[in-house]
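Structure first, commentary second.
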Amino acid sequence: MNVKPKHEEMVPLAKMVIRSFTRDRVEFEDNDGHFTTTFLQEFNDKTEVVKTQEKRSTKLNAQKKITKDLYLTADNIKMPLKLASNSFRRADLDGTLFVKAQKSLRTRNIEGAIDHLEAIGQLVNANGTTLAAKGLKPTFIDVLNATIAALYDLSSQQTTLMQMGEDVTDVNVALYTDLYKNYIAEVCKTGRIIYANENKIKEYTISNLLKKLHSAPQGADDAAPTA
């Protein structure tokens, strides 16, 4: 049965195959000149490339989640701002900051939005009694301050991730295909021929390796191969 590993299984599977192949490489080359020390080095290098790309992809997913949370936080303050602006209007106080804040939130200008929200907070604190008499809920300032703090935190996290070095990208499917087709499968196919009548054949049988991978505790794929 032709069993192909999932993308997330590719690196640990490659490591399992590399360990067995490293031990048996000379015998491989004695039977097939394709399996040189250069091939082994390329196998290791390809595995590390995919591993590195997966780490970048993990960072990308974290960045996407932070951005989603950031924009959700920004959207959630829009209605409280609209209601608070009504109290400002009734109290004959300037509501320009509300217009600016809503525009910044709408255009995802988070830095500008934070500045406007902080300014609104100062006005609320300075005119608390008047605004309360015009319908402003006492909880508004707490909601406003919590939103400002959340926007600061999420924006800071987003900036940190973006400055961590190389651009984050999804793992290129072609990298997985190359690693599997030209290295993992190539070694396993030849290994099953060389060790057809030996117990070692299990170490070069994809389905068996995946079963071992699925049943082993996390990190157990670093165990030494069975001779």
Side-chain angles (χ1 to χ4, degrees), residues 1-69 157-227:
M1 181 175 60
N2 185 23
V3 179
K4 188 172 182 179
K6 299 176 182 176
H7 287 168
E8 62 268 24
E9 298 170 333
M10 207 72 77
V11 169
L13 177 63
K15 289 181 177 180
M16 295 171 75
V17 175
I18 285 172
R19 282 193 296 274
S20 297
F21 176 59
T22 299
R23 180 197 61 207
D24 300 328
R25 193 204 62 78
V26 173
E27 192 169 1
F28 267 72
E29 188 174 8
D30 286 344
N31 288 278
D32 188 332
H34 180 67
F35 298 100
T36 62
T37 54
T38 300
F39 176 88
L40 174 58
Q41 185 59 54
E42 289 176 352
F43 194 174
N44 276 297
D45 291 345
K46 293 288 183 179
T47 302
E48 287 304 311
V49 167
V50 173
K51 183 178 178 181
T52 299
Q53 289 295 321
E54 286 181 338
K55 288 181 179 179
R56 294 177 186 172
S57 184
T58 298
K59 188 171 71 171
L60 174 63
N61 290 334
Q63 186 173 313
K64 286 180 178 179
K65 184 181 185 306
I66 289 172
T67 300
K68 180 180 179 181
D69 291 344
Q157 290 182 53
Q158 185 185 56
T159 300
T160 298
L161 278 175
M162 293 176 67
Q163 293 177 343
M164 280 177 65
E166 298 165 327
D167 293 338
V168 291
T169 56
D170 287 312
V171 181
N172 190 330
V173 174
L175 291 176
Y176 285 119
T177 300
D178 183 30
L179 177 60
Y180 181 74
K181 179 181 178 182
N182 296 321
Y183 295 92
I184 296 174
E186 192 69 32
V187 169
C188 287
K189 181 178 181 180
T190 303
R192 289 196 305 274
I193 295 172
I194 296 173
Y195 304 113
N197 299 314
E198 299 182 33
N199 194 49
K200 271 186 186 179
I201 192 174
K202 295 179 181 179
E203 295 178 38
Y204 297 102
T205 303
I206 300 293
S207 58
N208 182 70
L209 291 174
L210 288 176
K211 286 179 182 178
K212 183 179 179 182
L213 187 63
H214 296 161
S215 62
Q218 187 174 2
D221 62 293
D222 290 328
T226 303

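Here H7 contributes atom NE2 and L179 contributes atom CG; the two are 10.5 Å apart, rounded to the nearest 0.5 Å. Separation of atoms NZ (K6) and CG (L210) is listed at 10.0 Å; rounding is to 0.5 Å. Distance CD1/I201 to CG/N208: 10.0 Å, rounded to 0.5 Å. Atoms NZ and CG, from K211 and L213 in turn, are 13.5 Å apart once rounded to the nearest 0.5 Å. With rounding to the nearest 0.5 angstrom, the OG1 atom of T190 is 7.5 Å from the NE2 atom of H34.
The salt bridge (Lys or Arg N to Asp or Glu O under 4.0 Å) analysis of residues 182-192, with sequence neighbours excluded, yields no pairs.
You'll find the side chain of I184 reaches within 4.5 Å of the side chain of I206, heavy atoms only. A 4.5 Å side-chain heavy-atom check between E54 and Y176 finds at least one atom pair inside the cut-off. A 4.5 Å side-chain heavy-atom check between Y183 and T47 finds every atom pair outside the cut-off. With contacts defined as side-chain heavy-atom distances shorter than 4.5 Å, the pair M10/L175 does not qualify.
By the ring pair (Phe, Tyr, Trp, His ring centres under 6.0 Å) test, Y195 is found to be paired with Y204, residues two or more places apart in sequence or in another chain being considered. With sequence neighbours excluded, no residue satisfies side chain to side chain donor-acceptor pair (under 3.5 Å) with E198. T67 is linked by a side chain to side chain donor-acceptor pair (under 3.5 Å) to Q158, counting only residues two or more places apart in sequence or in another chain. For E8, the side chain to side chain donor-acceptor pair (under 3.5 Å) test picks out no residue, with sequence neighbours left out. Partners of K65 under the side chain to side chain contact (heavy atoms under 4.5 Å, CB included) rule, at least two apart in sequence or in another chain, are D69. Applying the salt bridge (charged side-chain N to carboxylate O under 4.0 Å, His left out) criterion to K46, with sequence neighbours excluded, gives D178. Checked against side chain to side chain contact (heavy atoms under 4.5 Å, CB included), E48 has the following partners two or more places apart in sequence or in another chain: K51. A search for side chain to side chain contact (heavy atoms under 4.5 Å, CB included) contacts involving T177 returns V173, not counting sequence neighbours. By the ring pair (Phe, Tyr, Trp, His ring centres under 6.0 Å) test, F35 is found to be paired with F21, F28, F39, residues two or more places apart in sequence or in another chain being considered. A search for side chain to side chain contact (heavy atoms under 4.5 Å, CB included) contacts involving T37 returns R25, not counting sequence neighbours. In this view, N44 satisfies the side chain to side chain donor-acceptor pair (under 3.5 Å) rule with no residue, not counting sequence neighbours.
E9 and Y180 share no side-chain donor-acceptor pair at under 3.5 Å.
Counting heavy atoms of neighbouring residues, nucleotides and ligands inside a 6.0 Å radius, atom CG of D45 exceeds 12 of them.
Across every non-hydrogen atom of C188 and V17, the tightest pair is SG-CG2, 3.9 Å.
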| task | Go through the steps for N182 and F43 under the test side chain to side chain contact (heavy atoms under 4.5 Å, CB included), then give the verdict. | result | CA-CA 9 Å; N182 296 321; F43 194 174; over 6 Å; no
